[in-house]
Amino acid sequence: MYLTLDDYRKESVNRLTKMARDYYEAGSDTESSLRRNEAAFRRLLVIPRCLRDVSQIDCQTDWLNTVVKIPIGVAPSAFQKMAHPQGELATTRGASQAGALMILSSWSTTAVGEVTNEASRYGGHVWFQLYVYRDREVTKYLIEQAEKAGVKALVLTVDTPVLGRRLADQRNNFKLPEHLGFANIPKSDKRQQMAEVEQGHSGLLDYVKHQIDPSLSWQTLKWIKTKTSLPIIVKGVMRPEDALLAIEHGASGIVVSNHGGRQMDSTAATIEVLPSIIRAVNKKIPVFVDGGIRSGQDALKAVALGATGVFIGRPILWALSVEGASGVKRALNIMQQEFAEGMRLVGCRSIKELQEDKNLIVHENNVHKL
Ligand SMILES: Cc1cc2nc3c(=O)[nH]c(=O)nc-3n(C[C@H](O)[C@H](O)[C@H](O)COP(=O)(O)O)c2cc1C
């Protein structure tokens with residue numbers, strides 16, 4: 001019986017090939033960022049209020065003009081058909097049925113148009129995550145396809161000028177299975193596939209080295225804005241200064257993220273840097289966060305600290321590998337229920353009340369100061 005996201009994690013281990021499992025689970029180098037993301041949530045304690053009549057609560061919130069019933073969405077993750085034959089279609093169906101917004105990766109194994117069709121069948125919403133290729137024609141093509149498909153926003157990933165060194169992928173000579181490809185790139189284009197992988201190499205690391213643009217800068221954001229009228233959310237911000245630059249360059253939102261510990265190793269946890277970024281942004285644009293969120297309680301802590309919402313990465317892949325679309329729906333329902341129950345148990349009736357209570361979340365080192 002799957003009662004927590006961790007239940008899906010345990011079972012997922014039995015459902016995936018070693019290459020897929022290692023690709024999904026890995027962090028970069030020593031994986032200290034990966035571990036810290038999760039551990040940092042354990043160091044945040046909740047001090048609940050009582051007797052506040054929580055018979056009626058409302059967890060609804062607005063994400064760039066899309067109403068979401070609980071502030072928890074699906075982070076973009078590549079190559080989902082390695083987890084389940086229906087891949088991204090199953091994820092979007094499950095997410096839409098749970099009323100959660102999904103961000104689709106540039107590197108999905110299902111084309112963006114198919115994914116948005118599936119989402120609209122179930123009343124769901126999709127944002128498209130963008131990687132910037134050295135060849136700007138490819139980048140333009142991705143933006144055009146996403147717009148044509150009807151996504152509601154672009155999510156520009158800015159923490160991947162080069163790919164983090166994921167040792168397991170190198171040891172496994174990571175490569176996509178033959179029948180899968182980068183589905184948003186036309187079949188006729190060689191970039192639809194990874195090149196042959198040499199011993200001790202990761203096919204993805206080599207792909208990024210050759211195809212993805214390491215000269216990405218704030219000018220690139222300006223350039224993207226000339227190509228689309230969609231709102232752009234910058235994903236991978238870890239510093240208040242960069243959050244302010246994102247606002248200055250016309251971003252409609254940011255995601256505080258260290259890519260789930262897969263890029264720079266030894267970073268602070270995302271939940272640790274969130275408060276200073278929230279203060280700097282000062283409500284000018286929505287601030288989302290991802291990394292290490294494994295329960296509705298973790299999500300509640302992030303939202304109480306001021307995040308507009310959270311995204312979850314690996315747990316969705318665990319649930320997808322175990323039960324396809326119904327697993328994704330159930331995993332999200334579990335988190336939603338934990339979040340709503342958490343609201344009741346801390347005595348908050350709305351997201352606004354949750355965020356106004358400045359004494360709700362306390363770092364364990366500060367408890368004695370209460
Ligand atoms: C297997 C996997 C693939 C990912 N692929 C992408 C991607 O294509 N684009 C992107 O911006 N982030 C990607 N990410 C990062 C996630 O969007 C997100 O930042 C991270 O997974 C959040 O951490 P969590 O897994 O601890 O929830 C990927 C993460 C994983 C685990």
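The shown structure was predicted, so the numbers you read here are calculated from the model rather than taken from an experiment. Read the numbers this way: they start at 1 and go in the same order the structure lists the ligands and their atoms.
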Checklist line | cation_pi(Arg262, Tyr23) dist<6.0 Å, angle<=45 | finding: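 Yes, Arg262 sits over the ring of Tyr23.
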
Notebook entry, point to check: Linking Ile, Leu, Val, Met, Phe, Trp and Tyr through side-chain heavy atoms less than 4.5 Å apart, which residues share a cluster with Leu167?
Noted result: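 In the cluster with Leu167 there is nothing else; it is isolated.
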
Notebook entry, point to check: Hydrophobic cluster mates of Ile233, side-chain heavy atoms under 4.5 angstrom, ILVMFWY only, any path?
Noted result: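 When side chains under 4.5 Å apart are linked, the cluster holding Ile233 also contains Trp63, Leu64, Val68, Leu101, Ile103, Trp127, Val155, Val255, Phe288, Phe311.
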
Margin query: Show me, by chain and number, every protein residue that has a heavy-atom distance under 4.0 Å to ligand 1.
Written below: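 The 4.0 Å shell around ligand 1 contains Tyr23, Tyr24, Ala75, Pro76, Ser77, Ala78, Ser105, Gln129, Tyr131, Thr157, Lys235, Ser257, His259, Gly260, Arg262, Asp290, Gly291, Gly292, Arg294, Ile312, Gly313, Arg314, Leu317.
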
Checklist line | Side chain Glu118, main chain Ala90, donor-acceptor under 3.5 Å | finding: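 Not confirmed, Glu118 side chain does not pair with Ala90 backbone.
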
Notebook entry, point to check: Is the shortest heavy-atom distance from the side chain of Phe182 to the side chain of Leu176 under 4.5 Å?
Noted result: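 The answer is yes, as the side chains (C-beta and beyond) meet within the 4.5 Å cut-off.
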
Checklist line | All side-chain hydrogen bond (donor to acceptor under 3.5 Å, both in side chains) counterparts of Thr61, not counting sequence neighbours | finding: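 None.
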
